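Shown next, in structure tokens, is the structure this report addresses.
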Amino acid sequence: MPRTNPQIHDFNKSPSKMTEQEILRRESLVKLRELGIDPYPAEMFEVTAFASDIAANYQEEVLEDGSKNRLNFQSVSLAGRIMASREAGNKVIFMNLQDSSGRIQLYVKRDDFLQDEESPFFDLAIKKYLDLGDYVGVKGFAFRTKTGEVSVHVQELKFLAKSLRPLPVVKKDAEGNVHDAFTDPEMRYRMRYVDLTVNTEFRQIFIKRTLLIKTMRNYLDELGLLEVETPILQPIHGGAAARPFTTHHNTLDMKLYLRIANELYLKRLIVAGFDGVYEFAKMFRNEGMDRTHNPEFTALEFYVAYKDYNWMMDVTEIMLEKVARAIHTEGGSTAQVGDNVIEFAGPYRRLTMFDAIQEYTGLNVETADESELRNYCQKAHIEIDASMGKAKLIDEIFGAKVEGHLIQPTFLIDYPMEMSPLTKKHRIKPGLVERFELFVNGKEVANAYSELNDPIDQRERFEEQLRLAARGDEEAMAMDEDFLRALEYGMPPTAGIGFGIDRLAMMFTGQASIQEVLFFPQMRPEV
RNA sequence: GAUCUCGUAGCUCAGUCGGUAGAGCACUUGACUUUUAAUCAAGGAGUCAUGGGUUCGAAUCCCAUCGAGAUCACCA
């Protein structure tokens, strides 16, 4: 293939649309090629050192005659972006190179580069055509400058990738104050690559998110569960109450739903004879977006045979304490969320839904009838409508009056049956089911039950859902005959749970918005 | 979905009462042999989100639209 030799007028973006700085950068790209320098070389560049390691661990000794003896990093090769450049006279340039670990100052001296008459590398390539944001590889040795900053004396510099757009320039002064920070949330989310380049502190959020998932996965593996994958494209959307996204398969000519949950598939695998299965799964719900909701989000669900919801509470306490200790920089079991310090070491408070409402409202919902609950809601200005039954009213009261008070991790247990169509009836308490939700910082982070494994009961629950759907409930579950067939073959008693990973990530990283814990939050299209 | 706030140079932001568009950083040219928010001098850079309207004249006032954020509502 003939090498292209782009001229300014060849660019896809017409020159009139480009900014002055974009045009200049494309010009320096052309000039580099004229000097015989490939701005995008194919061969790999060997990296032997990282900026933060050199900055933290460089050592030197002062000899008797006052001269210094450099003890380590005498031959280093590192790569990254040039983020700042300061010319000190016309023979020396100080630069800041940023790699994945941090930044280090480069000392680039004219005398270190052969000055070919035709193509003076320092005077042209480095001084004129190297732009902020360019990726370079450098070789040299570490030393300490007169002002005391550990730096790399550059003996070789190689262009690795030219940057054709100027990055926002964020500066930090001697007191650590940040100037001209790149803060517009819209631009940060749309151009996360720019955000994480100039706001490197946000990388920690995502590193912690991964640590959260890794810690959970390690623990589940320790417990002997099998990590599995189940369908995202589902002919019937089940396992949760939510509006789905729909799509269409051309060859099969059928409607498919993006999953709102994977619960019914994981339970089929328990029927199949696996003792325990788990999946970190993207879920898709066609509902509103706000500070705590993204149309696609991540859940961890796991199911374990021969266990019940009491066992699941114990496991949850252990798992979240492990996560807290893994993420907490000092190794403690707490997390700071807003003004609250959350303690994740168990045991957590276990409170029945009825007791919780009694405690925070004085209302005894167990003995109250529907009209008493309605009266209470009206007095308390809780919005209700005529179609709501007793269970729904209780749920509304809980949401309005109790939920926000549950700051420290609290298991809310034993829910009314009507709202839990996949949950086993309570072993003692009639009308209730063996379900718990975990609340932390006033928000639900997990939902678990002793799974309903009685196929006849399950069929009746689905039929009840169909009646709700007929009344216009868009979130009612669909009948899943194949799932019922699986249960009819026999599912062992099973405990199951689902965690909202994004919400947990928000808590463990102290973020108030879900967009801050997603690399690429959903946005409306740009103009 | 409702309400409020916002959208001006690559970035961060000023822009008064409606009267030719401003600053810092970044960029360009020059000076400077160890700088670090480098400094100094000069210069270039704008579809004031988009489309209408009012007006002699609109970044500014009005309407609509688009995008974003916050609050509320909805939401297992």
Side-chain angles (χ1 to χ4, degrees), chain A residues 16-25 27-28 83-96 103-111 128 131-133 143-151 153 163-191 194 198-199 239-243 260-261 263 283 285-293 295 297 299 383 392 395 398-399 403 412 415 419-423 435 437 439 443-449 474-475 477 498 500 503 512-513 515 521 523-527:
Chain A
S16 62
K17 289 266 178 72
M18 280 194 288
T19 66
E20 183 188 25
Q21 295 194 48
E22 285 179 293
I23 292 167
L24 283 163
R25 280 166 181 250
E27 280 171 356
S28 52
M83 298 300 285
S85 176
R86 298 173 292 280
E87 285 184 40
N90 49 25
K91 291 187 176 172
V92 171
I93 307 175
F94 289 93
M95 301 181 188
N96 291 105
R103 289 189 184 195
I104 192 155
Q105 178 167 273
L106 303 181
Y107 175 70
V108 188
K109 205 165 82 174
R110 190 172 190 270
D111 301 345
K128 299 187 74 160
D131 294 309
L132 296 189
F143 75 113
R144 197 181 288 275
T145 63
K146 274 183 192 166
T147 53
E149 179 153 348
V150 175
S151 306
H153 187 129
S163 170
L164 297 181
R165 291 174 184 261
L167 287 166
V169 177
V170 180
K171 294 195 173 191
K172 222 186 252 184
D173 66 21
E175 285 85 51
N177 301 313
V178 176
H179 299 262
D180 300 337
F182 181 63
T183 51
D184 182 340
E186 178 173 1
M187 286 198 282
R188 286 185 49 233
Y189 303 149
R190 287 193 195 280
M191 298 192 287
V194 173
V198 302
N199 299 323
R243 299 223 312 264
I260 56 172
E263 169 160 358
M283 308 291 185
R285 297 189 183 176
N286 206 343
E287 293 172 344
M289 292 166 60
D290 62 25
R291 218 168 64 257
T292 56
H293 295 81
F297 63 98
E383 270 188 50
K392 184 68 180 164
D395 191 55
F398 173 79
E403 194 174 12
L412 200 78
Y415 283 62
M419 309 206 49
S420 310
L422 302 169
T423 312
R435 171 180 178 182
E437 290 187 325
F439 287 85
K443 294 192 181 68
E444 181 208 335
V445 299
N447 181 20
Y449 2 104
E474 288 186 55
E475 295 183 340
M477 279 183 209
R503 303 261 175 98
S513 164
Q515 295 164 110
M523 303 285 278
R524 287 193 168 83
E526 286 181 77
V527 186

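So that the names make sense, note that chain A is the first sequence line, chain B the second, and so on, each numbered from 1. Predicted model only: the values in this text are computed from it and were never measured.
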Using only side-chain N and O atoms of Lys171(A), determine if any of them is under 4.0 Å from OP1 or OP2 of rA26(B). yes

At under 4.0 Å between heavy atoms, what does Gln515(A) touch on the DNA or RNA strands: base, sugar-phosphate, or nothing? sugar-phosphate

Counting the atoms with a prime plus P, OP1 and OP2 as sugar-phosphate, which does Met419(A) contact under 4.0 Å by heavy atoms, base, sugar-phosphate, or nothing? base

Using a cut-off of 4.0 Å on non-hydrogen atoms, how would the nucleic acid contact of Ala242(A) be classed: base, sugar-phosphate, or nothing? nothing

Give none if rC11(B) has no partner; otherwise give the nucleotide forming a Watson-Crick or G-U wobble pair with it, both distances under 3.5 Å. rG24(B)

Name the nucleic acid region contacted by Tyr449(A), choosing base, sugar-phosphate or nothing; use a 4.0 angstrom heavy-atom cut-off, strictly under. base

Would you mind classifying the nucleic acid contact of Arg190(A) as base, sugar-phosphate or nothing, using non-hydrogen atoms under 4.0 angstrom? sugar-phosphate

Send over the distance from Asp395(A) CG to rC75(B) P, rounded to a whole Å. 9 Å

My understanding is that a pair needs two contacts under 3.5 Å, Watson-Crick or G-U wobble. By that rule, which nucleotide pairs with rC6(B)? rG67(B)

rG30(B) -> Watson-Crick or G-U wobble partner, both distances under 3.5 Å, gives rC40(B)

Please write out each protein N/O paired with an N/O of nucleotides 30-34 of chain B under 3.5 Å, distance rounded to 0.1 Å.
from    : atom 1 : to        : atom 2 : distance (Å)
rU34(B) : O4     : Tyr107(A) : OH     : 3.2

RNA chain B nearest-nucleotide lookup for Asn447(A) and Asp180(A): closer to the 5′ end is Asp180(A)

5'-most contact on RNA chain B (nearest-nucleotide basis), Glu149(A) vs Asp184(A), goes to Asp184(A)

What side-chain donor-acceptor pairs closer than 3.5 Å can you find for residues 86-96 of chain A, not counting sequence neighbours?
from     : atom 1 : to        : atom 2 : distance (Å)
Arg86(A) : NH1    : Asn96(A)  : OD1    : 2.9
Arg86(A) : NH2    : Asn96(A)  : OD1    : 3.4
Arg86(A) : NH2    : Gln105(A) : OE1    : 2.8

Report, one line per pair, each donor and acceptor closer than 3.5 Å where one atom sits in a side chain of residues 178-185 of chain A; sequence neighbours left out.
from      : atom 1 : to        : atom 2 : distance (Å)
His179(A) : NE2    : Asp173(A) : OD2    : 2.9
Asp184(A) : OD1    : Glu186(A) : N      : 2.9

Give one of base, sugar-phosphate or nothing for Arg243(A), where a contact means two heavy atoms less than 4.0 Å apart. nothing

Nearest-Å distance, NZ (Lys172(A)) to C1' (rG24(B))? 20 Å

Checking Tyr449(A) now: which residues fulfil ring-ring contact (aromatic ring centres under 6.0 Å, His included) with it, not counting sequence neighbours? none

Taking the C1' atom in each of rG19(B) and rC13(B), what is the distance between them to the nearest angstrom? 24 Å

Base-pairing mate for rU60(B) - Watson-Crick or G-U, with both contacts under 3.5 Å: none

How long is the line joining NE2 of His179(A) and C1' of rU12(B), in whole Å? 11 Å

Pro168(A), nearest nucleotide to its side chain (from rC11(B), rU71(B), rU35(B)): rC11(B)

Would you list the protein and nucleotides 42-44 of chain B atom pairs, both N or O, that sit under 3.5 Å from each other?
from    : atom 1 : to       : atom 2 : distance (Å)
rG44(B) : O2'    : Glu20(A) : OE2    : 3.3
rG44(B) : N2     : Glu20(A) : OE1    : 2.4
rG44(B) : N3     : Glu20(A) : OE1    : 3.2
rG44(B) : N3     : Glu20(A) : OE2    : 3.4

According to a strict under-4.0 Å criterion, is Arg291(A) in side-chain N/O contact with OP1 or OP2 of rU71(B)? yes

For rC17(B), the Watson-Crick or wobble partner whose two distances fall under 3.5 Å: none

Could you tell me the separation between the CZ atom of Arg86(A) and the P atom of rC25(B), rounded to a whole number of Å? 15 Å

Report all interatomic pairs (protein N or O, nucleotide N or O of nucleotides 2-8 of chain B) with separations under 3.5 Å.
none

With a 3.5 Å limit on both atom pairs, tell me what rA45(B) is paired to, counting Watson-Crick and G-U wobble, or say none. none

Looking for any heavy atom pair under 4.0 Å, which part of the strands does Pro421(A) touch: base, sugar-phosphate only, or nothing? base

Describe the nucleic acid contact of Thr292(A) in one word from base, sugar-phosphate, nothing, applying a heavy-atom distance below 4.0 Å. nothing

Nearest-Å distance, CG (Asp290(A)) to P (rG1(B))? 13 Å

